[in-house]
2 protein chains.
Amino acid sequence: MPPSPRRATIRDVAREAGVSRGTVSRVLNGERYVSDQAREAIEQAMKVVGYVPNTAARNLALRRSRAVGFVVHEPHALFLEDPNIGAILLGANTVLSEADHQMVTIVVDSDRDNERVARYLGGGFVDGAVMVSARQRDPMLQALQAMSLPTALVGRPPAGVEVPWVGIDNRGAARAVTEQLVRSGRERVGIIAVGLDRDSGADRLQGFRDALGPRFDQGLVVERPLYEYAAGRDAMQELLVREPALDGVFATSDAVAAGALEALLAAGRSVPGDVSLVGFDDSTWARRCQPALTTVRQPARELGERAAALVLDLLAGKDVAADPAGTLLPTDVVVRDSA
Amino acid sequence: MPPSPRRATIRDVAREAGVSRGTVSRVLNGERYVSDQAREAIEQAMKVVGYVPNTAARNLALRRSRAVGFVVHEPHALFLEDPNIGAILLGANTVLSEADHQMVTIVVDSDRDNERVARYLGGGFVDGAVMVSARQRDPMLQALQAMSLPTALVGRPPAGVEVPWVGIDNRGAARAVTEQLVRSGRERVGIIAVGLDRDSGADRLQGFRDALGPRFDQGLVVERPLYEYAAGRDAMQELLVREPALDGVFATSDAVAAGALEALLAAGRSVPGDVSLVGFDDSTWARRCQPALTTVRQPARELGERAAALVLDLLAGKDVAADPAGTLLPTDVVVRDSA
DNA sequence: TGGTCGTCTGTGACCGTGCACAGAACGCCG
DNA sequence: CGGCGTTCTGTGCACGGTCACAGACGACCA
């Protein structure tokens with residue numbers, strides 16, 4: 001870039017107003033001990049010369065940036081599909097904006113990205129980070145910890161990592177929605193368990209077991225790695241082969257449930273006549289399916305808001321307990337037509 | 001924030017390696033004229049002291065930031081619904097990452113945001129910007145122009161604004177997809193026209209007129225402000241009241257088409273038996289509807305890639321023609337079941 | 001031997017801001 | 001009038017880099 005036409009600096013303002021740099025700086029930062037006369041002259045001068053503070057210089061002097069990273073460790077394709085991430089992002093963005101911080105979205109897709117992102121986060125460009133969907137032994141999380149960047153997580157961190165976090169009670173919610181199946185008299189209930197490499201996936205499976213108790217059958221557990229529509233469809237087909245008498249299914253996300261629904265209808269099963277189906281997330285999928293899905297409402301936006309607030313607290317030096325139990329936000333079972 | 005434990009600087013590296021700051025700087029920037037011996041000593045020293053370059057300092061000295069803003073002027077709710085924006089964002093992010101630039105996502109929702117964002121963009125935090133879905137007389141676009149920040153647009157800019165841009169031929173694409181309706185023998189064809197305050201919305205309506213020619217009937221045009229599912233449903237109901245004999249509909253986005261589909265089925269019309277329906281975008285909606293939608297495929301990801309590339313060209317000082325005609329990427333009509 | 005050229009290195013100034021410190025101006029009081 | 005506290009202002013330095021310049025050094029050649 002041609003180093004631009006050179007912008008007005010604090011010195012230009014000082015000269016124009018007939019005062020010193022220090023006084024201008026004081027006005028900028030709203031400090032006491034500035035005469036009304038000087039203040040007015042300076043405010044006038046700022047308009048005249050078109051002054052805009054230089055963030056880089058301020059960051060350098062203050063050693064902070066008023067920016068917070070929003071790190072999503074997720075394949076690009078899923079970033080687009082997952083409705084929660086968008087809502088979490090918006091929640092975080094709202095809170096940070098109100099605190100006059102900028103949010104920098106960082107999508108870590110390939111492992112190749114790791115180094116670049118770590119360099120960026122360590123480069124003084126951000127004061128802290130919100131991290132979403134960390135895996136077990138996530139290298140990015142380790143990097144954040146190593147450079148001791150104030151960080152909060154959405155979702156429970158891996159064991160041994162002490163970091164403040166917000167999440168939902170995946171286990172309890174999964175149990176509650178599975179009980180909805182059981183209460184309606186279903187006997188042979190299966191699960192399409194996705195993303196078992198995260199705490200959320202594993203916890204939902206556990207909640208499913210809790211609800212079924214002795215009726216739980218390991219043979220009716222189908223695992224898939226990714227939260228995808230296609231995965232739900234395939235898994236459902238497999239489940240029907242394993243147990244044709246199946247009469248209930250818990251799909252651990254709505255997108256997966258939507259895929260499962262397609263497979264069920266294609267196999268000639270009616271929903272909820274022959275088979276009851278429940279999902280998770282209360283995403284747009286749930287309302288748009290025919291029949292609409294019974295599912296779990298997850299306060300995604302609030303998760304983002306709370307995580308961002310945690311980071312701001314850390315930055316403010318507040319004593320945020322890195323409570324291993326984290327903060328759990330409540331979920332609701334939304335009963336619609338599918339179960 | 002407690003000004004952190006102080007990180008290693010270029011001077012620490014120099015001391016450790018027994019050379020001067022200048023030499024370290026040269027190694028960092030990959031310049032010629034550094035002895036192998038010095039280079040190795042410095043690389044070694046960087047590891048020993050755990051050196052990470054300070055971006056703020058570099059930005060200050062270079063007067064640039066290696067960051068590019070991605071400005072979305074869209075209500076938060078639509079940011080979540082619109083599948084194109086996600087894809088555009090990813091495309092831009094990919095290109096910028098590969099050029100070792102960071103992308104800063106900025107969502108401008110309320111007008112209250114305008115000032116904060118303008119301040120940010122002018123604060124030397126970004127070298128350039130990609131702007132999506134600018135309105136006519138968009139204040140944010142005007143601000144960008146005023147501070148002469150290198151900018152590229154996705155979508156045609158308002159008349160009189162000279163700025164490089166990429167887009168699609170909305171008019172031609174709308175014409176092509178409408179012709180699909182006409183070819184199949186439909187006579188009374190209506191349109192649900194959304195977002196007429198953008199170039200895209202207005203152009204799609206124009207393309208619709210082109211295709212129908214004398215058969216165009218202003219009475220079969222229903223307008224709605226926002227690209228929403230609910231808007232499609234309501235508009236469809238209105239259209240059926242106006243013309244019960246309607247046998248074809250162009251909804252100017254898939255989300256709107258999906259809403260229209262629901263209304264058609266609820267009104268007892270079969271699709272495509274009684275009424276043919278086409279959408280726009282080829283989003284996930286299109287494939288998931290029953291019947292699947294005939295629609296227009298929009299290369300959203302590539303739009304993001306190209307726009308980002310334009311900004312990088314501007315930054316590199318390449319002579320990017322702010323061609324009023326912009327760059328138009330090709331679209332396809334995807335024929336599925338709904339028409 | 002001296003001059004020239006190419007390679008390599010160190011030093012000081014500078015980018016634009018915040019902050020600590022020194023001190024000026026003023027009013028008040030003994 | 002001198003001392004003191006409060007309010008206000010200016011100056012030097014620091015933040016962590018980049019860059020231009022000067023100069024050292026060795027090789028080569030006339």
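The sequence lines fix the lettering, A, B, ..., with proteins before strands; numbering per chain opens at 1.
- The neighbour count for B:E31 CD, taken as heavy atoms of other residues, nucleotides or ligands under 6.0 Å away, is above 12.
- By the 4.5 Å heavy-atom criterion applied to side chains, A:V108 and A:V71 are counted as neighbours.
- Chain A approaches DNA chain D within less than 4.0 angstrom (heavy atoms of the protein), and the contacting nucleotides run 5' to 3' from D:dT7 to D:dG16.
- In this structure, B:D36 places its CG atom where only 12 or fewer heavy-atom neighbours from other residues, nucleotides or ligands lie under 6.0 Å away.
- In this structure, the side chains of B:R64 and B:L315 stay at 4.5 Å or more apart for every pair of heavy atoms.
- Contact detail for A:R58 and A:L28: the closest heavy-atom pair is NH2-CB, 4.4 Å.
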(message) Output one letter per nucleotide in nucleotides 8-17 of chain C: B when a protein non-hydrogen atom lies under 4.0 Å from the base, S when only the sugar-phosphate is that close, - when neither is.
(response) BBBBBB-BBB
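- Side chains of B:I106 and A:Q102 form a contact here, defined as non-hydrogen atoms less than 4.5 Å apart.
- When side chains are defined from C-beta on, A:K47 does not count as touching A:E43, because their heavy atoms never get closer than 4.5 Å.
- Across all non-hydrogen atoms, the minimal contact from A:R32 to A:R26 is O-CD, 4.3 Å.
- The shortest side-chain heavy-atom distance between A:T105 and B:L89 does not fall under the 4.5 Å cut-off.
- When the C1' atoms of four end pairs are superposed on the next four at each end of the helix from C:dT1-D:dA30 to C:dG30-D:dC1, using five pairs per end, the two resulting axes differ in direction by 70°, to 10°.
- Residues A:W165 and A:V163 come closest through the heavy atom pair CD1-O, 3.3 Å.
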